[in-house]
There are 2 protein chains.
Amino acid sequence: MKSFIEEARHKQIVAAAISVLAREGYASASLSRIAKEAGISKSIITYHFSGKDEMFEAVYRSVESSASSYIAPLMETEEGPSGMIATYIRNQIGYMKEHRDELLAIGQLAMSHGRQEGPDYMATSAQEEARLLADLMAEGQRRGIFRDFDRRVMAAAISKAIESALTEWAYRPETDLDAYGDELIALFLRGMERREDGSS
Amino acid sequence: MKSFIEEARHKQIVAAAISVLAREGYASASLSRIAKEAGISKSIITYHFSGKDEMFEAVYRSVESSASSYIAPLMETEEGPSGMIATYIRNQIGYMKEHRDELLAIGQLAMSHGRQEGPDYMATSAQEEARLLADLMAEGQRRGIFRDFDRRVMAAAISKAIESALTEWAYRPETDLDAYGDELIALFLRGMERREDGSS
DNA sequence: CTATTTTCAGTCCGATCGGACTGATAATAG
DNA sequence: CTATTATCAGTCCGATCGGACTGAAAATAG
């Protein structure tokens, strides 16, 4: 089926949820609040979604697919591990510039599961990201471009560093995101590369 | 006054709150749940604290003072910016090893304020940490040991990287924290240092 | 036109929360 | 001994939540 209406409502509700999550945080993102944000009756949400969990999953998947479809094509043009990692960081921040609320929203969703891991779909997508970075690093190490470091640690550091750009930017809107990304690229490329003197 | 009983109760309640926050997250950290964790009546909490906010502030300040009293003395012995930053990272992780739940707990408290910054005491202590790192970096740059980078970005990256050690460790208990810390130190010292060839 | 889908405002339920309060009791201090 | 302080289990309140439900109206489809 997938009527136009159904799809439009889904998008509308997801968009309203993203706004509320990003602006007021997870605790305020109740069904009533989201319905109010969308200008619709609360019943409509439960009519189109089986419940709150399913709706938040739709939010997560929506942002995930949006981000990956933005980033994936831009990665194709690069070849070396260094360039690809730099491109990865640059693209993540590029996406961030145009989709601030989406990223803040899924950040709220990710944090809302205080200890005790959240739903599967979150864990798997986080693993995919770590995997992608780790593979690029392994290739760089194999080629002798990168020194020997722990790829898990490095991948986590990169992910968190990109995250820090978002929180800094949300906190200080005057932050120059492109410059922030360039700083991170310089930091990590220098931190990963093998030195000329051949040691380590 | 500060009777023995009052102080002991405060500590007991704070400890129980830390356990619940670290193990079950902010959402589960209700007064009833914390009282149950401590094996006391819920009324005792409202008897010794004016309310939930004051109690969580006590939790935050408790961990903050514990951490700074652990770390500060160990910083005195170092002299150069590189060594001090390395020591800073090492000490943060050293404290982490013995106070996992405390750090997870204040992490929950920090995250609980979805957008819209939390209480003052949190913001100021975060600023102090960033300030300390930024000052060390400025000194390193002045001495020509470090290259020219954005100290705000670098300080945020370091803080987040240390945080990543905690989340990784909480997620995978088999993580070798000392090795993790050494990896971070290698990463950031290489990322910050001025290269021998004199460029940039 | 008729049948179906969608929207709406609103109610009701059970649960949980922070917090104020009770009254009895236990512990401690002067 | 007498006051004071501390503890307890429990109640009550107002508020909010997710969610199920209602009945009627509106929109859409066949």
Side-chain angles (χ1 to χ4, degrees), chain A residues 1-21 23-60 105 108-109 111-116 118-119, chain B residues 1-21 23-60 105 108-109 111-116 118-119:
Chain A
M1 256 303 181
K2 302 167 187 286
S3 75
F4 302 100
I5 288 175
E6 189 171 354
E7 212 172 302
R9 279 294 185 204
H10 274 239
K11 283 183 184 174
Q12 179 194 26
I13 294 169
V14 164
I18 286 171
S19 294
V20 176
L21 281 168
R23 198 180 323 120
E24 307 173 24
Y26 181 84
S28 296
S30 67
L31 292 184
S32 322
R33 179 69 191 84
I34 291 168
K36 189 177 179 182
E37 176 76 15
I40 59 178
S41 166
K42 168 185 155 193
S43 306
I44 299 190
I45 299 180
T46 59
Y47 179 80
H48 288 278
F49 293 97
S50 74
K52 203 186 190 187
D53 291 346
E54 187 182 296
M55 195 205 95
F56 278 153
E57 179 173 347
V59 169
Y60 192 92
Q108 289 292 317
L109 291 182
M111 290 193 305
S112 69
H113 308 283
R115 220 57 269 139
Q116 195 156 340
Chain B
M1 256 300 179
K2 301 168 188 283
S3 75
F4 302 100
I5 288 176
E6 189 171 354
E7 211 172 302
R9 279 291 186 209
H10 274 239
K11 285 183 184 174
Q12 179 195 26
I13 293 169
V14 164
I18 287 171
S19 294
V20 175
L21 282 168
R23 199 182 321 121
E24 308 173 24
Y26 181 83
S28 296
S30 68
L31 291 184
S32 321
R33 179 68 192 85
I34 292 169
K36 189 178 180 181
E37 176 77 15
I40 60 178
S41 166
K42 169 186 155 193
S43 305
I44 299 188
I45 299 180
T46 59
Y47 180 79
H48 288 278
F49 293 97
S50 74
K52 204 187 190 187
D53 291 346
E54 187 181 297
M55 196 205 94
F56 279 154
E57 178 173 349
V59 169
Y60 192 92
Q108 289 292 317
L109 291 183
M111 290 192 305
S112 70
H113 308 284
R115 218 56 270 134
Q116 196 154 342

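The structure displayed is predicted, hence computed values, not measured ones. By convention in this document, chain letters (A, B, ...) are assigned in the order of the sequence lines, proteins followed by strands, and residues within each chain are numbered from 1.
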Rounded to the Å, how far apart are I13(A) CD1 and dT6(C) C1'?
-> 12 Å
Considering just the side-chain nitrogens and oxygens of T46(A), establish if one lies under 4.0 Å of OP1 or OP2 belonging to dG19(D).
-> no
Atom-pair distance (CZ on F56(B); P on dC17(C)), nearest Å | 12 Å
Derivation and outcome, side chain to side chain contact (heavy atoms under 4.5 Å, CB included), residues M55(A) and I34(A) | CA-CA 11 Å; M55(A) 195 205 95; I34(A) 291 168; 3.6 Å; yes
Given that S50(A) and I40(B) both sit by DNA chain D, which one's nearest nucleotide is further toward the 5' end?
-> I40(B)
Euclidean distance, atom NZ of residue K36(B) to atom P of dT7(D) [Å, nearest integer] | 21 Å
Residue whose closest nucleotide on DNA chain D lies nearer the 5' end, G39(B) versus S28(A) = G39(B)
Rounded off to whole Å, could you give me the CZ-to-P distance for the R33(B) and dG18(C) pair?
-> 13 Å
Nearest heavy-atom approach of S32(B) to K42(B) is OG-CD, 4.0 Å
Calculate the interatomic distance between I44(A) atom CD1 and dT5(C) atom P; express it in whole Å.
-> 17 Å
Distance in angstrom units between K52(A) NZ and dA20(D) P, rounded | 14 Å
Report yes or no: is there a donor-acceptor pair, N or O only, under 3.5 Å between the side chain of K42(A) and the base of dG19(D)?
-> yes
Rounded off to whole Å, could you give me the OH-to-C1' distance for the Y47(B) and dT7(D) pair?
-> 9 Å
To the nearest Å, give me how far apart CZ (F49(B)) and P (dG19(C)) are.
-> 13 Å
S43(A) near the nucleic acid: base, sugar-phosphate alone, or nothing, with a heavy-atom cut-off under 4.0 Å?
-> base
State whether R9(B) places a side-chain N or O below 4.0 Å from either non-bridging phosphate oxygen (OP1 or OP2) of dT7(D).
-> yes
Please report the shortest heavy-atom distance between P119(B) and H113(B), naming the atom on each side.
-> CD-NE2, 3.5 Å
Contact summary for H10(A) and H48(A), nearest pair of heavy atoms = NE2-O, 3.4 Å
Could you tell me whether F49(A) and F56(A) have their ring centroids closer than 6.0 angstrom?
-> no
